[in-house]
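Within every chain, numbering begins at 1; the chains are lettered A, B, ... in the order of the sequence lines, protein sequences first and strands thereafter. Computation of the quantities below employed the complete heavy-atom set of this structure, encompassing side-chain atoms and omitting hydrogens, waters and symmetry-equivalent molecules.
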Protein chains: 2
Amino acid sequence: MFSKTCEYAIRAMIFIAQKTKEGDIRIGIKDIASGIDSPEYFIAKILQELSRKGLVQSVKGPNGGFYLDHSSLQQSLADVVRAVDGDKIFEGCGLGLKQCSEKCPCPIHHDFKRIRKDLYRTLEKSKLGNFTEELDKQLLFLRR
Amino acid sequence: MFSKTCEYAIRAMIFIAQKTKEGDIRIGIKDIASGIDSPEYFIAKILQELSRKGLVQSVKGPNGGFYLDHSSLQQSLADVVRAVDGDKIFEGCGLGLKQCSEKCPCPIHHDFKRIRKDLYRTLEKSKLGNFTEELDKQLLFLRR
DNA sequence: TTAATAAAAGACAAAAATATCTTTTATTAT
DNA sequence: ATAATAAAAGATATTTTTGTCTTTTATTAA
Ligand code: FES
Ligand code: FES
């Protein structure tokens, strides 16, 4: 469904959101990596990219690390997916035709459209900051 | 969503189903490749594998090629997906946790479950032989 | 029986995704 | 100012996916 990169990105962003909301000023890359059980160097690269795009904030140096500002906390999972994987998943043809088209639909087009829309709406409604409480209560998990 | 391999596989299988139902005894790899606009050698490899697994039938030599027997025509797209990509898409965690679990759900688990189920049911209900008529009428397409 | 045909099998190549390591830069505390 | 810290940037490595080419095997038609 999503690339590994994207899976890590979503988990990391939700993790940072949680820590930010819990009151941690900033969270370091090592804590993120262990918090979501991902390769440290790899998630560093991913966050670097997301930082460049402004989806996450960071500061260097002692006590530095990543955090989410007020507006970033309101970003949706769809925004993260789009930033990492592009919108192939939201717009592309499920059977790999050059483009999804109503006029020249592939055999799964009509069903796929519905499923894709459901996926999109769901991700669009899920804001990074929405999971903090349940994560804290251990009703949701980012690693296992 | 699906791997390239899987996208080609589905298109090819539906294409073979169409040709088989139209009355062509067998259809050659070149015709398949051009019929679904895929790399010839690549789709050959894919069908080789599906043939080994019994999802498609083939014969070598002059007038040889691929076809679907009566029971293969009733195979679903889900069967093809499972044969090619495994059941990660149907069973795995959407955020890449080691396994999808009701007890330790990831943040998108509940929504993802619904979407995944919709996808699965849709693919399960779609039989390879179901698209022939609409393909013939050019209401559906396998290339563009 | 022989030559032609077409898929199977196996080897190889290129590209993309995933992962790791090193050096540089910005920031902070001393 | 200096040393320590932590992310940014850049380079490199590994694995997986995608794509191609060559040789072998089975089948058929002449
Ligand atoms: S054409 Fe394939 S999903 Fe729309
Ligand atoms: S735990 Fe992630 S989808 Fe079920």
Side-chain angles (χ1 to χ4, degrees), chain A residues 1-13 15-16 19-20 24-68 81 83-86 88-89 95-96, chain B residues 1-13 15-16 19 24-68 81 84-86 88-89 95-96:
Chain A
M1 177 78 77
F2 307 124
S3 66
K4 271 282 158 207
T5 304
C6 192
E7 292 174 354
Y8 292 144
I10 296 173
R11 306 218 306 268
M13 291 293 277
F15 185 74
I16 297 168
K19 295 303 171 187
T20 294
D24 294 18
I25 309 300
R26 295 174 198 133
I27 172 94
I29 203 68
K30 275 170 219 243
D31 290 335
I32 296 171
S34 79
I36 68 169
D37 191 25
S38 76
E40 181 182 327
Y41 290 120
F42 194 35
I43 191 61
K45 271 294 168 210
I46 297 168
L47 288 176
Q48 208 181 103
E49 176 68 18
L50 289 178
S51 166
R52 226 175 291 134
K53 295 191 176 175
L55 275 83
V56 64
Q57 286 64 52
S58 72
V59 305
K60 294 181 183 181
N63 306 319
F66 295 86
Y67 67 101
L68 293 175
V81 170
V84 176
D85 279 353
K88 187 166 172 293
I89 188 85
L95 292 189
Chain B
M1 176 79 79
F2 307 124
S3 67
K4 272 284 159 205
T5 304
C6 192
E7 291 175 353
Y8 291 144
I10 296 173
R11 306 219 305 268
M13 291 293 277
F15 184 76
I16 297 169
K19 296 303 172 187
D24 294 18
I25 310 301
R26 295 176 199 132
I27 174 91
I29 202 69
K30 274 169 220 240
D31 292 335
I32 295 171
S34 79
I36 67 169
D37 190 26
S38 76
E40 182 183 326
Y41 291 121
F42 194 34
I43 191 60
K45 272 293 169 210
I46 297 167
L47 288 176
Q48 209 180 102
E49 176 68 18
L50 289 178
S51 164
R52 227 175 292 133
K53 294 189 177 176
L55 274 81
V56 63
Q57 286 63 53
S58 73
V59 305
K60 294 181 183 179
N63 307 319
F66 295 87
Y67 67 99
L68 293 175
V81 170
V84 176
D85 280 352
K88 185 166 171 296
I89 188 83
L95 292 189

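- A:L68 places a side-chain heavy atom less than 4.5 Å from the side chain of A:M13.
- Here the side chains of A:V84 and A:L50 are in contact, with some heavy-atom distance below 4.5 Å.
- Here A:K45 lies in heavy-atom contact (under 4.0 Å) with a base.
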Nucleotides 28-30 of chain C: which of its N/O atoms have a protein N/O under 3.5 Å away?
residue, atom, partner, partner atom, Å
C:dA29, OP1, A:N63, ND2, 3.3

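- If you walk DNA chain D from 5' to 3' and mark each nucleotide with an atom closer than 4.0 Å to a heavy atom of chain B, the marks span D:dT18 to D:dA29.
- Distance, B:R52 CZ to C:dA9 C1': 8 Å, rounded to whole Å.
- For A:K88, the NZ atom is loosely surrounded, since the number of other residues' heavy atoms within 6.0 Å does not exceed 12.
- Between A:D24 and A:D31 the shortest side-chain heavy-atom distance does not fall below 4.5 Å.
- Between A:N63 and A:R26 the shortest heavy-atom distance is O-NH1, 3.1 Å.
- Per the geometry, OH belonging to B:Y41 stands 18 Å off P belonging to C:dG10, to the nearest Å.
- At the phosphate of C:dA19, OP1 or OP2 sits under 4.0 Å from a side-chain N or O atom of A:Y8.
- The residues B:E49 and B:K45 are annotated as not salt-bridged, no charged nitrogen and carboxylate oxygen being separated by less than 4.0 angstrom.
- When rounded to the nearest whole Å, the span between CG of A:D37 and P of C:dA19 equals 11 Å.
- Using a 4.0 Å heavy-atom distance criterion, A:L47 is classed as making no nucleic acid contact.
- Remark: P of C:dT27 and OH of A:Y67 are 11 Å apart, rounded to the nearest angstrom.
- The closest side-chain heavy-atom distance from A:F42 to A:T5 is below 4.5 Å.
- Nearest approach of B:I29 to B:A44, heavy atoms of both residues: CD1-CA, 3.6 Å.
- Expressed to the nearest 0.5 Å, how far CD1 of A:I46 lies from OH of A:Y41 amounts to 15.0 Å.
- A straight line from CD of A:Q48 to C1' of C:dA19 spans 14 Å, rounded to a whole angstrom.
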